[in-house]
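For reference, the structure discussed in these notes is given below.
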Amino acid sequence: MDSILALMQDPAAWIALVTLVVMEVVLGIDNLIFISILTNKLPAEHRVQARRIGIGLALVMRLALLGTIAWIVQLTTPVFTLFDHGFSWKDMILIAGGLFLVWKATKEIHHNVDPLDHKEDMVGGAVTTSFTAAIGQILLLDLVFSIDSIITAVGMTPHLPIMVVAVLVAVAVMLLAATPLANFIEKNPTIVMLALAFLLMIGTTLIAEGMGFHVPKGYIYAAMAFSALVELLNMLSRNARQKGKGAGGH
């Protein structure tokens, strides 16, 4: 209790908290895009429940990992060396998660581009994903993103209370943004392709990080923001043309 009170009176702790909250929210965007795209493949009546379960699992996983910080730190210790690079458990988890994301995004892009290829979905089943399959896939990516998130938190501050508050705030933001983001993606088909391209880039980045190539996150998110801005301008342009045609028709 005394340590928490001391942290509340320390300006540096507040700066660390704000910085970490921003970082955790930004890192949560990747997780949220994946959850939004996957749950949109479910029947409409199950989507909100699946999103809440997926984000709830992300929260549980992050808090559980925070409770095992000593183990988390050990995940960065090299297990074996290949091509002069020491691979740790973290590296292998990031590579596996990245490959999974690249595969899913590529498969879904293929289905969106080829209108004749809609007999199977990303996992080789019916076009509508089953609830259990969706939760299982969300759980898998939650693990990858949670480990990346918590290792980032550990690297930014040594104070566990700050990490817990930052994770809670970030997950709360994810929970609030999940349904509006999923609805926006569903109503705008071109956004789906953009979001899938983001997942493809995120997956490639995870693989690169696991292989020992540091990719500054700022470049990735700047590219995503720029692409989203261009698409927003395209949407505004299309809406303006449609309104112009509608007015011309009268």
Side-chain angles (χ1 to χ4, degrees), residues 17 20-68 72 93 96-98 100-101 103-105 107-108 111-112 121-123 125-153 160-189 191-196 198-199 202-203 206 221 224 228:
L17 175 60
L20 189 54
V21 164
V22 172
M23 280 294 299
E24 291 295 321
V25 168
V26 171
L27 289 172
I29 292 172
D30 306 347
N31 211 164
L32 196 55
I33 290 174
F34 178 79
I35 290 174
S36 297
I37 288 180
L38 193 58
T39 54
N40 277 350
K41 295 180 71 66
L42 290 170
E45 63 271 18
H46 297 313
R47 292 175 186 175
V48 173
Q49 183 186 6
R51 285 178 208 126
R52 288 175 179 169
I53 291 175
I55 294 171
L57 288 171
L59 173 61
V60 170
M61 207 163 288
R62 281 163 168 78
L63 293 178
L65 290 173
L66 279 175
T68 57
I72 287 292
I93 291 169
F100 179 68
L101 264 185
W103 173 74
K104 285 187 73 68
K107 192 81 171 173
E108 187 67 4
H111 287 309
N112 276 272
D121 75 345
M122 296 182 288
V123 291
V127 173
T128 302
T129 303
S130 74
F131 188 86
T132 305
I135 296 301
Q137 292 169 66
I138 289 171
L139 181 61
L140 175 63
L141 263 295
D142 275 349
L143 175 63
V144 176
F145 288 126
S146 293
I147 287 176
D148 196 26
S149 168
I150 298 307
I151 288 177
T152 299
L160 183 60
I162 291 178
M163 296 182 209
V164 172
V165 172
V167 165
L168 290 173
V169 171
V171 172
V173 170
M174 287 172 63
L175 196 57
L176 290 172
T179 297
L181 177 63
N183 291 340
F184 183 70
I185 288 175
E186 185 182 21
K187 291 176 183 176
N188 298 276
I191 292 292
V192 174
M193 192 61 73
L194 184 63
L196 289 169
F198 287 165
L199 289 181
I202 293 163
L206 290 176
Y221 294 118
M224 290 171 65

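What you see below is based on every heavy atom in this structure, not just the backbone, and it leaves out hydrogens, waters and symmetry mates.
- In this structure, A182 and N40 approach most closely via the heavy-atom pair O-ND2, 3.0 Å.
- Between R62 and D142, the closest heavy-atom pair is NH1-O, 4.4 Å.
- The list of salt bridge (charged side-chain N to carboxylate O under 4.0 Å, His left out) pairs with a residue in residues 43-55, not counting sequence neighbours, reads R47-E186.
- The distance from the OG1 atom of T39 to the CZ atom of F131 is 10.0 Å, given to the nearest 0.5 Å.
- Note that the CG atom of L181 and the CE atom of M174 stand 10.5 Å from one another [nearest 0.5 Å].
- Going from atom CG of L140 over to atom CG of L57 covers 12.0 Å, rounded to the nearest 0.5 Å.
- None of I138, V171, V60 except one satisfies the side chain to side chain contact (heavy atoms under 4.5 Å, CB included) rule with I55; the exception is V171.
- Between L199 and K104, the closest side-chain pair of non-hydrogen atoms is not below 4.5 Å.
- Pairing each heavy atom of A178 with each of S36, the nearest pair is O-OG, 3.9 Å.
- Note that CE of M61 is 11.0 Å distant from CG of L63, once rounded to the nearest 0.5 Å.
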Side chain to side chain contact (heavy atoms under 4.5 Å, CB included) for F34 and V144? Distances and angles first, verdict last.
CA-CA 12 Å; F34 178 79; V144 176; over 6 Å; no

query = Going through the checks in order, is the side chain to side chain contact (heavy atoms under 4.5 Å, CB included) test met by L139 and L143?
reply = CA-CA 6 Å; L139 181 61; L143 175 63; over 6 Å; no

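- Scanning both residues, L206 and G97, for their nearest heavy atoms gives CD1-C, 4.3 Å.
- A search for side-chain contact (heavy atoms from CB on, under 4.5 Å) contacts involving V25 returns V21, A170, V173, not counting sequence neighbours.
- Nearest heavy-atom pair, I35 versus G54, reported as atom, atom and distance to 0.1 Å: CD1-C, 4.2 Å.
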Practice item. Test side chain to side chain contact (heavy atoms under 4.5 Å, CB included) on L59 and L168 and set out the steps. Key: CA-CA 7 Å; L59 173 61; L168 290 173; 3.7 Å; yes

Step by step, would you call I37 with F198 a side chain to side chain contact (heavy atoms under 4.5 Å, CB included)? CA-CA 11 Å; I37 288 180; F198 287 165; over 6 Å; no

